[in-house]
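All remarks here apply to the structure that follows.
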Amino acid sequence: MTKKINIAIDGPSGVGKTVMSNMLAKKLGYKFLSSGSFYRVIAFNAIKQNLDFKNEKQINESWEFDDLNITEDGKIIFKGNDISLSIRNDEVSQAASKIAKFASIRKKVNLFIQDFANKHKGIIVDGRDATYRILPNAEVKFFLWASAEIRAKRRVKQDAEMGIISNYNDVLESIKIRDYNDMNRDIDPLKVSEGSIEIDSSNMSVEENFKVMLDIVNEKVGNYE
């Protein structure tokens with residue numbers, strides 16, 4: 001039996017963490033847990049319940065992991081409803097960035113992921129602090145990067161493929177704001193952590209980016225066998 005390892009992927013918004021994670025999970029037969037999706041779900045729930053985004057305790061107590069289910073094909077089910085598309089809009093993205101600053105919410109999300117990863121090898125986690133806070137002991141840690149302009153173009157194209165119409169300038173501005181917030185927050189800011197492998201995908205196709213990452217993972221797995 002091929003040994004399984006855990007993989008953590010960091011990087012800014014729109015850099016392709018989720019795409020790469022899904023591709024690696026499918027190729028390797030691993031389970032993908034997106035930390036960003038958890039924060040989006042929490043933000044979506046807070047918006048729907050019209051909660052005060054300054055009230056950390058209220059937001060954190062308004063949901064439980066029992067409310068959440070990730071299907072085998074990656075759909076996000078929350079309180080019985082498929083919200084996979086709903087959590088991708090810009091309002092939810094901005095709200096997710098705000099609540100991601102709260103320590104108690106981050107702790108709750110991280111504990112769930114850590115517990116899951118400890119019980120099951122073959123986990124891929126992405127997020128802005130995946131390599132040093134969520135899964136610091138992951139056998140392979142990546143930090144993905146691409147310019148804000150490249151990421152904005154990719155996001156607009158991705159949205160169009162999902163039937164969502166978005167404006168490039170608005171998306172670019174949103175990404176720049178998100179980057180600033182993520183890099184400058186007091187709790188778990190976006191950074192390149194020790195032991196992370198940096199990959200700049202600005203001039204790479206999806207396939208090229210994937211091959212670089214897959215080769216690194218396969219080499220690591222081979223070293224353990």
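Between Ile199 and Phe142 the shortest side-chain heavy-atom distance falls below 4.5 Å. Taking the side chain as every heavy atom from C-beta outward, Arg151 and Asp179 approach each other to under 4.5 Å. Between Asn89 and Ile164, the closest side-chain pair of non-hydrogen atoms is not below 4.5 Å. Proximity of Lys211 to Asp215: side-chain heavy atoms (C-beta onward) are separated by under 4.5 Å at one or more points.
Between the NZ atom in Lys191 and the OG atom in Ser196 there is a gap of 10.0 Å [rounded to 0.5 Å].
Here the closest non-hydrogen pair linking Ala95 and Ile47 is CB-CD1, 4.0 Å.
Not one N or O on the side chain of Lys75 forms a donor-acceptor pair closer than 3.5 Å with the backbone of Ser84. Here the side chain of Asn118 pairs a donor or acceptor atom with the backbone of Gln114 at under 3.5 angstrom. Remark: side-chain polar atoms of Arg133 are not paired, donor with acceptor, to backbone N or O of Asp188 under 3.5 angstrom. A donor-acceptor contact shorter than 3.5 Å links the side chain of Asp10 to the backbone of Ala130. With hydrogens and angles ignored, the 3.5 Å screen pairs a side-chain donor or acceptor of Glu139 with a backbone N or O of Asn6. In terms of modelled atom types and a separation under 3.5 Å, the side chain of Arg106 and the main chain of Ala100 share a donor-acceptor contact. Without hydrogens or angle criteria, Asn45 side chain to Val41 main chain gives no donor-acceptor distance under 3.5 Å. The backbone N or O of Glu64 sits less than 3.5 Å from a side-chain atom of Asp67, completing a donor-acceptor pair. With hydrogens and angles disregarded, no donor-acceptor distance shorter than 3.5 Å links the side chain of Tyr30 to the backbone of Ser21. Judged by distance alone, with hydrogens and angles left aside, the side-chain atoms of Ser205 form a donor-acceptor pair with the main-chain N or O of Glu208 at under 3.5 Å.
Taking hydrophobic clusters as Ile, Leu, Val, Met, Phe, Trp and Tyr residues chained together by side-chain heavy-atom distances below 4.5 Å, Phe143 does not share a cluster with Ile150. Under a hydrophobic clustering in which Ile, Leu, Val, Met, Phe, Trp and Tyr are joined whenever their side-chain heavy atoms come within less than 4.5 Å, directly or via other members, Ile87 and Phe112 fall into the same cluster.
Ionic pairing of Glu149 and Lys153 is not present here: no N-O contact between side-chain nitrogen and carboxylate oxygen is shorter than 4.0 angstrom.
Counting non-hydrogen atoms of neighbouring residues, nucleotides and ligands closer than 6.0 angstrom, the OH atom of Tyr180 reaches no more than 12 such neighbours.
Side-chain contact check for Glu56 and Asn60: no donor-acceptor pair (N or O, by modelled atom type) lies under 3.5 Å.
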